[in-house]
Amino acid sequence: MKNLNINVVFASITALIIGVLVLPKNDSGKISVVGKCYKKVKKDKFALSITIKNVEQDSGSAIKKSLSTYGEVSSLLKSIQEQNKGLEIETTEYTTRDKYEWNSTKNSNEKVGVEGIIGVRVITSNPEILSSITFDLAQYKDVYTSNFENFVSQDVYTVERENCIAEAIKNAHAQAEKIATSNGQSVGEMIYADYNGENNYVGARYYMAKATSMDDMDEGANIAPASIFSGNENISVSVDVSFKLK
């Protein structure tokens with residue numbers, strides 16, 4: 001039986017220890033990381049719903065009365081639109097429906113007439129216009145304002161999302177470079193990218209003037225439209241990116 005060469009055994013053990021302590025280079029030739037971007041985008045559009053409602057005994061009378069007010073409201077809005085070219089006006093509803101009210105004596109709903117309804121939506125980038133419109137419409141007892149909206153327009157959202165994707169890719173490249181450098185390598189060209197994004201609406205921060213009948217206002221009262229403040233929308237993007245290693 002041959003004797004083991006003690007030098008050979010020692011050299012083998014030493015090589016094994018060194019191999020454990022030294023990180024090997026990435027032999028796959030690529031590195032994959034997840035880049036992220038998070039930003040707040042100011043909401044640039046404001047919208048207000050206007051509803052004209054009248055109750056009469058038949059549908060013809062109900063819609064006729066609502067149309068009369070609608071004509072006046074339309075003239076008012078068009079005059080405002082002429083002074084504010086970015087203002088958008090759209091009719092959203094034009095209908096009649098039976099109107100019911102609860103009769104506590106009979107303990108049941110009873111038809112009280114037919115309601116004529118015409119809806120209008122006003123969109124603008126200047127929220128003060130909506131506040132002013134609300135006060136202008138307070139003179140009509142059959143006009144109601146509601147559903148104030150504050151949102152990011154599609155054009156702005158598209159640009160901000162694309163910018164966020166670019167930032168997420170830069171973030172991914174920076175991460176990959178740090179990892180590669182620590183292992184004696186460098187990052188080459190991007191060979192794969194896949195992203196998923198999400199937006200998160202935060203509640204609009206605003207003060208909205210409530211349409212009040214002129215009869216409810218003290219004569220000579222100095223009441224000004226309320227200020228409206230824009231909220232923000234959160235845009236979050238994650239990108240799975242792979243780079244070649246050099």
Inset, instruction - For atom NZ of Lys39, decide whether the heavy atoms of other residues, nucleotides or ligands shown that lie under 6.0 angstrom number more than 12. - result: yes
Inset, instruction - State whether the number of non-hydrogen atoms from other residues, nucleotides or ligands found under 6.0 Å of Gln57 atom CD is greater than 12. - result: no
Inset, instruction - Show the numbers, then the answer: is there a side-chain contact (heavy atoms from CB on, under 4.5 Å) between Thr124 and Asn84? - result: CA-CA 9 Å; Thr124 178; Asn84 301 273; 5.9 Å; no
Rounded distance [0.5 Å steps], [atom1] in [X] versus [atom2] in [Y]:
X	Y	atom1	atom2	value
Ile89	Ile133	CD1	CD1	7.5 Å
Ile179	Phe243	CD1	CZ	10.5 Å
Thr92	Tyr94	OG1	OH	13.5 Å
Ile50	Ser146	CD1	OG	9.5 Å
Asp142	Tyr70	CG	OH	14.0 Å
Gln175	Glu177	CD	CD	12.0 Å

Legend entry - Glu56/Lys64 salt bridge by N-O under 4.0 Å criterion: no
Legend entry - Arg121 and Glu90 ion-paired at < 4.0 Å: yes
Mind listing the closest non-hydrogen atom pair of [X] and [Y] along with its distance?
X	Y	value
Ala47	Ile123	CB-CG1, 4.0 Å
Gln81	Glu88	NE2-CA, 4.4 Å
Asn150	Phe229	OD1-O, 4.2 Å
Ala180	Leu245	CB-CD2, 3.7 Å
Tyr38	Ser236	CD1-CB, 4.3 Å
Ser49	Asn147	OG-CB, 3.6 Å

Do [X] and [Y] have side-chain heavy atoms sitting under 4.5 Å apart?
X	Y	answer
Ile63	Ile118	yes
Thr145	Phe135	no
Tyr192	Lys30	no

Inset, instruction - List in chain and number order the residues that pass ring pair (Phe, Tyr, Trp, His ring centres under 6.0 Å) with Phe46, two or more places apart in sequence or in another chain; answer none if no residue qualifies. - result: none
Legend entry - Evaluation steps, side-chain contact (heavy atoms from CB on, under 4.5 Å), between Ser125 and Asp44: CA-CA 6 Å; Ser125 57; Asp44 63 316; 5.8 Å; no
Donor-acceptor contact present, side-chain [X] to main-chain [Y], <3.5 Å:
X	Y	result
Asn183	Gln185	no
Thr181	Lys178	no
Ser66	Gly116	yes
Asn103	Lys106	yes

Find out if a path of hydrophobic residues (ILVMFWY) with successive side-chain heavy-atom gaps under 4.5 Å connects [X] to [Y].
X	Y	value
Tyr100	Val114	no
Ile191	Ile169	no
Val34	Val237	no
Val55	Ile117	no
Ile235	Val159	no

Inset, instruction - Let me see the working for Glu189 and Lys244 under salt bridge (Lys or Arg N to Asp or Glu O under 4.0 Å), right down to the final yes or no. - result: CA-CA 6 Å; Glu189 64 180 8; Lys244 283 185 178 180; 3.1 Å; yes
Inset, instruction - Test side-chain hydrogen bond (donor to acceptor under 3.5 Å, both in side chains) on Lys42 and Asn232 and set out the steps. - result: CA-CA 4 Å; Lys42 187 173 182 179; Asn232 295 305; over 6 Å; no
Inset, instruction - Go through the steps for Thr158 and Gln154 under the test side-chain hydrogen bond (donor to acceptor under 3.5 Å, both in side chains), then give the verdict. - result: CA-CA 6 Å; Thr158 298; Gln154 186 60 52; 3.2 Å; yes
Inset, instruction - May I have the step-by-step check of side-chain contact (heavy atoms from CB on, under 4.5 Å) for Val241 and His173, ending in yes or no? - result: CA-CA 8 Å; Val241 188; His173 189 277; over 6 Å; no
Inset, instruction - In sequence, state the C-alpha distance, the side-chain angles, and the governing distance for Asp136 and Ile80, and then conclude on side-chain contact (heavy atoms from CB on, under 4.5 Å). - result: CA-CA 11 Å; Asp136 290 340; Ile80 296 174; 4.2 Å; yes
Legend entry - Sequence neighbours excluded, every pair satisfying disulfide (SG to SG under 2.5 Å) that has a member inside residues 53-135: none
